[in-house]
Student: 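The structure under discussion is supplied below as structure tokens; questions concerning it will follow.
Labels below follow one simple rule: chain letters A, B, ... track the order of the sequence lines, proteins then strands, and each chain is numbered from 1.
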Amino acid sequence: MAVTGDETESGSTGDMSAYQLRNPSSSLPQGVTINAAHSSQQPVEDASRKRELRLMKNREAARECRRKKKEYVKCLENRVAVLENQNKTLIEELRALKDIYRHKVE
DNA sequence: ATCATGGATCGTCATTTGCG
DNA sequence: CGCAAATGACGATCCATGAT
């Protein structure tokens with residue numbers, strides 16, 4: 001369970017809480033940073049953009065993942081229905097054959 | 001009309017997986 | 001081994017439905 005500190009981004013972030021480190025957009029409007037007065041905010045903005053991109057990609061990955069899972073489950077349910085029908089048919093066939101056999105030995 | 005409840009869907013974080 | 005994509009788990013929100 002090694003907590004991997006989530007990215008190598010977020011450079012000199014002083015006393016931000018762990019939550020804020022992971023969620024820089026949670027308390028500040030997008031693009032607004034603590035040290036906005038200086039031009040050294042460039043790496044911060046860069047990290048923020050990087051994070052937004054990562055979140056966007058993961059959001060779409062999650063959607064796709066759920067779509068695939070739904071499809072997979074539907075396939076399984078179809079297969080179950082087919083096998084249940086086959087099973088029914090085979091049971092019926094076996095019953096008929098047994099019947100024929102019984103009449104022969106009698 | 002209002003509330004409680006359960007299911008569906010979503011976004012996010014943490015972890016796993018597979019590839020270069 | 002490092003990285004990006006895939007996936008599991010969790011909490012938040014929305015919506016439908018039944019009970020009061």
Student: Using whole Å, what does the distance between atom C1' of nucleotide B:dA14 and atom CG of A:Leu55 come to?
Tutor: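 In whole Å, B:dA14 C1' and A:Leu55 CG are 13 Å from each other.
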Student: Let me know the distance between CG of A:Leu53 and C1' of C:dA4, rounded to the nearest Å.
Tutor: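 In whole Å, C:dA4 C1' lies 11 Å from A:Leu53 CG.
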Student: In whole Å, what is the span from the CG atom of A:Asn58 to the P atom of C:dC10?
Tutor: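 It works out to 17 Å between those atoms.
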Student: When the distance from CE of A:Met56 to P of C:dA4 is rounded to whole Å, what number comes out?
Tutor: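 Spelled out: CE on A:Met56 to P on C:dA4 is 15 Å.
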Student: Atom NZ of A:Lys57 to atom P of B:dA14: distance rounded to whole Å?
Tutor: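 To the nearest whole Å, that distance equals 19 Å.
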Student: Taking the side chain as everything from C-beta on, heavy atoms only, tell me whether A:Lys50 gets closer than 4.5 Å to A:Arg54.
Tutor: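 Side chain of A:Lys50 against side chain of A:Arg54, heavy atoms only: no contact under 4.5 Å found.
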Student: May I have the distance from A:Glu64 (atom CD) to C:dG8 (atom P), rounded to whole angstrom?
Tutor: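 After rounding, the gap between these two atoms is 14 Å.
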Student: Answer yes or no: is there a side-chain heavy-atom contact under 4.5 Å between A:Arg59 and A:Arg63?
Tutor: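 Sidechains of A:Arg63 and A:Arg59: in contact.
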Student: Return the value, rounded to whole Å, for the distance between atom CZ of A:Arg54 and atom P of C:dC3.
Tutor: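 Rounded to whole Å, this separation is 13 Å.
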Student: For residues 70-78 of chain A, which side-chain N or O atoms pair as donor and acceptor with protein atoms under 3.5 Å away, sequence neighbours left out?
Tutor:
{"unit_1": "A:Glu71", "atom_1": "OE1", "unit_2": "A:Arg67", "atom_2": "NH1", "d": "3.1"}

Student: Whole Å only: how far is the CZ atom of A:Arg59 from the P atom of C:dA5?
Tutor: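 Interatomic distance, CZ of A:Arg59 to P of C:dA5: 15 Å.
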Student: How long is the span from the CG atom in A:Leu94 to the OG1 atom in A:Thr89, to the nearest 0.5 Å?
Tutor: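 Answer rounded to 0.5 Å: 12.5 Å.
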Student: Kindly state which residues belonging to residues 65-77 of chain A come within less than 4.0 angstrom of DNA chain B, counting heavy atoms of the residue only, listed by number.
Tutor: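 When residues 65-77 of chain A is checked for heavy atoms under 4.0 Å from DNA chain B, the hits, listed by number, are A:Arg66, A:Lys70.
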Student: Please round to the nearest 0.5 Å and tell me the distance separating atom CD1 of A:Ile91 and atom CZ of A:Arg95.
Tutor: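 Answer rounded to 0.5 Å: 7.5 Å.
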Student: Is there a side chain to side chain contact (heavy atoms under 4.5 Å, CB included) between A:Lys88 and A:Glu92 once you walk through the steps?
Tutor: CA-CA 6 Å; A:Lys88 238 184 250 172; A:Glu92 195 46 49; over 6 Å; no
